[in-house]
**Student:** 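The structure that follows is given in the form of structure tokens.
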2 protein chains.
Amino acid sequence: MKYSQATDYALHAMLYLVAAAPDKPVGVQLLAEKLGVSQTYLSKMMTKLVKAGLIQSAPGANGGYRLRRKQEDISFLDIIHAIEGTASFFECSLNHDNECVIQKVVLDAERQMEQYLQNKKISELAEHFKGR
Amino acid sequence: MKYSQATDYALHAMLYLVAAAPDKPVGVQLLAEKLGVSQTYLSKMMTKLVKAGLIQSAPGANGGYRLRRKQEDISFLDIIHAIEGTASFFECSLNHDNECVIQKVVLDAERQMEQYLQNKKISELAEHFKGR
DNA sequence: CCATTACAGACTTTATGAGTCCATAATAAC
DNA sequence: GTTATTATGGACTCATAAAGTCTGTAATGG
Ligand code: SF4
Ligand code: SF4
């Protein structure tokens, strides 16, 4: 039970975009170098973030990525869902059609966590990457 | 990001033990049949539960498993930890020795979830398996 | 002694994450 | 228009862990 490394990269990339100048798009080349990961691999995650509507992409010279929404409107949960998908942590193997109480407990627990992550906006950590 | 199927089996097995008569141990053979999984595989999870101190095992004729603690002292988190281990969901790939704020956010979120699971005792679901 | 049960380790199979490679498309600069 | 620069897409390989099997050993009650 672990978040994929892709999520790690995506979170860091997003925080880097927050710290970057809002008008100048930043390309995957620079990001990959900062995070220590290959361009082509990171590119896949960036594309997922684009499809999730969190960032905006522009091809061509001086292209790259920039935030689409305001910092305070992007939560950790948004990013995690964009990469990991929105499937739940648990599904009963033997599906009795009754109310699955075990599943319900785990899902409620998950909801606790997601609520926390949804309230945590990346704007709170805007300063983090300023010096790195 | 999903709990392993082993956790699913363990949770169901524990709930079955709660519903069973407290004096008669129940063997892995019966449990495996109820859950629709092979005996040898389920056996591994049961052993983990024993090592975690949640249940007690007895070999030989009329042997099997029974709860070690009281129902209200066994939480969902106990069972999950016994199977999945206690490692956290997230670890930063680039380990700056500073305070890892990203990691801190995810870990705090995880703590929200674990708190919920710790307060959820299996005694609350004691009736669930009575008729199955 | 014997049947019955749990325990342990080696092993195979399967699924998924992690990562590479290369071809294509779109855009800006010249 | 041509070219350099960027993102996007799919097919592919590789590594790792989950899922499950097989077989043997140990302990206990009858
Ligand atoms: S949670 Fe209960 S109802 Fe759902 S599959 Fe498990 S035993 Fe059946
Ligand atoms: S969370 Fe911050 S300090 Fe920790 S590894 Fe990521 S960038 Fe570095």
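Proteins come first, then strands; the chains are lettered A, B, ... in the order of their sequence lines, and each starts at number 1.
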**Student:** How close or far is atom P of dA23(C) from atom CD of Gln39(A), stated in whole angstroms?
**Tutor:**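 Distance, rounded to whole Å: 17 Å.
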**Student:** Could you state the atom-to-atom distance from NZ of Lys24(A) to C1' of dT5(D) in whole Å?
**Tutor:**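 In whole Å, dT5(D) C1' and Lys24(A) NZ are 14 Å from each other.
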**Student:** Any chance you could list the contact pattern along nucleotides 6-17 of chain D? Use B for base contacts, S for sugar-phosphate-only contacts and - for none, protein heavy atoms under 4.0 Å, 5' to 3'.
**Tutor:** BSBSBB------
**Student:** With sequence neighbours left out, write down each residue that passes side chain to side chain donor-acceptor pair (under 3.5 Å) with Ser93(B), or none if nothing qualifies.
**Tutor:**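 If we apply the side chain to side chain donor-acceptor pair (under 3.5 Å) test to Ser93(B), skipping adjacent residues, the hits are Asp8(A).
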**Student:** Specify the residues of residues 5-12 of chain B, ordered by number, for which at least one heavy atom lies under 4.0 angstrom from an atom of DNA chain D.
**Tutor:**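 Result for residues 5-12 of chain B: Gln5(B), Ala6(B), Tyr9(B), sorted by number.
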**Student:** By side chain to side chain donor-acceptor pair (under 3.5 Å), which residues pair with Ser75(B), not counting sequence neighbours?
**Tutor:**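 Counting only residues at least two positions away or on another chain, Ser75(B) forms a side chain to side chain donor-acceptor pair (under 3.5 Å) with Asp78(B).
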**Student:** With sequence neighbours excluded, what pairs up with Lys104(A) under the salt bridge (Lys or Arg N to Asp or Glu O under 4.0 Å) test?
**Tutor:**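 If we apply the salt bridge (Lys or Arg N to Asp or Glu O under 4.0 Å) test to Lys104(A), skipping adjacent residues, the hits are Asp108(A).
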**Student:** So if I take residues 81-91 of chain A and measure heavy-atom distances to DNA chain C, which residues fall below 4.0 Å?
**Tutor:**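 By residue number: none to list.
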**Student:** Lys2(A) has an atom NZ; how far is it from atom C1' of dA18(D), in whole Å?
**Tutor:**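 Those two atoms, NZ and C1', are 15 Å apart.
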**Student:** Can you give the donor-acceptor pairs under 3.5 Å from side chains of residues 60-74 of chain A to other protein atoms, not counting sequence neighbours?
**Tutor:**
{"unit_1": "Arg69(A)", "atom_1": "NH1", "unit_2": "Asp73(A)", "atom_2": "O", "d": "3.1"}

**Student:** OP1, OP2 of dG20(D) versus side-chain N and O of Ser38(B): anything below 4.0 Å?
**Tutor:**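 So the side-chain polar atoms of Ser38(B) never come under 4.0 Å of the phosphate oxygens OP1 or OP2 of dG20(D).
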**Student:** Do other residues, nucleotides or ligands put more than 12 heavy atoms under 6.0 Å from Gln29(A) CD?
**Tutor:**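 No, the 6.0 Å shell around CD holds no more than 12 heavy atoms from other groups.
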**Student:** Applying side chain to side chain donor-acceptor pair (under 3.5 Å), can you list everything that pairs with Ser43(A), at least two apart in sequence or on another chain?
**Tutor:**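 Side chain to side chain donor-acceptor pair (under 3.5 Å) list for Ser43(A), sorted by chain: empty.
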**Student:** Rounded to whole angstroms, how far apart are CG on Leu31(B) and C1' on dA6(C)?
**Tutor:**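 Interatomic distance, CG of Leu31(B) to C1' of dA6(C): 13 Å.
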**Student:** Rounded off to whole Å, could you give me the OH-to-P distance for the Tyr41(B) and dG20(D) pair?
**Tutor:**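 Between P of dG20(D) and OH of Tyr41(B): 5 Å.
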**Student:** How long is the line joining CD of Gln56(B) and P of dT28(D), in whole Å?
**Tutor:**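 Distance, rounded to whole Å: 12 Å.
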**Student:** Between dG20(D), dT20(C), dG17(C), which one does the side chain of Ser4(A) approach most closely?
**Tutor:**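 For the Ser4(A) side chain, the nearest candidate turns out to be dG17(C).
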**Student:** Using residues 81-89 of chain B as the side-chain source, report each donor-acceptor pair under 3.5 Å to any protein atom, sequence neighbours left out, with the distance given to one decimal.
**Tutor:**
{"unit_1": "His81(B)", "atom_1": "NE2", "unit_2": "Glu114(B)", "atom_2": "OE2", "d": "3.2"}
{"unit_1": "Glu84(B)", "atom_1": "OE2", "unit_2": "Ser4(B)", "atom_2": "N", "d": "2.8"}
{"unit_1": "Glu84(B)", "atom_1": "OE2", "unit_2": "Ser4(B)", "atom_2": "OG", "d": "2.9"}
{"unit_1": "Glu84(B)", "atom_1": "OE2", "unit_2": "Thr7(B)", "atom_2": "OG1", "d": "2.6"}
{"unit_1": "Ser88(B)", "atom_1": "OG", "unit_2": "Phe90(B)", "atom_2": "O", "d": "3.4"}

**Student:** Once side chain to side chain donor-acceptor pair (under 3.5 Å) is applied, do any residues pair with Gln112(A), and if so which ones, sequence neighbours excluded?
**Tutor:**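 Residues passing side chain to side chain donor-acceptor pair (under 3.5 Å) with Gln112(A): none at all.
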**Student:** What integer distance in Å separates Lys48(A):NZ from dG19(C):P?
**Tutor:**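 In whole Å, dG19(C) P lies 13 Å from Lys48(A) NZ.
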**Student:** For Gln39(A) and Ala32(A), indicate whether the former's side chain and the latter's backbone hold a donor-acceptor pair under 3.5 Å.
**Tutor:**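 No, Gln39(A) side chain to Ala32(A) backbone: no donor-acceptor pair under 3.5 Å.
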**Student:** Could you tell me how far apart Leu42(B) (CG) and dA19(D) (P) are, to the nearest whole angstrom?
**Tutor:**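 To the nearest whole Å, that distance equals 13 Å.
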**Student:** Under the salt bridge (Lys or Arg N to Asp or Glu O under 4.0 Å) test, which residues partner Glu124(B), sequence neighbours left out?
**Tutor:**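 For Glu124(B), the residues satisfying salt bridge (Lys or Arg N to Asp or Glu O under 4.0 Å) (neighbours in sequence not counted) are Lys120(B).
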**Student:** According to side chain to side chain contact (heavy atoms under 4.5 Å, CB included), who are the partners of Ala19(B), at least two apart in sequence or on a separate chain?
**Tutor:**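 In terms of side chain to side chain contact (heavy atoms under 4.5 Å, CB included), with neighbours along the sequence ignored, Ala19(B) is linked to Phe129(B), Lys130(B).
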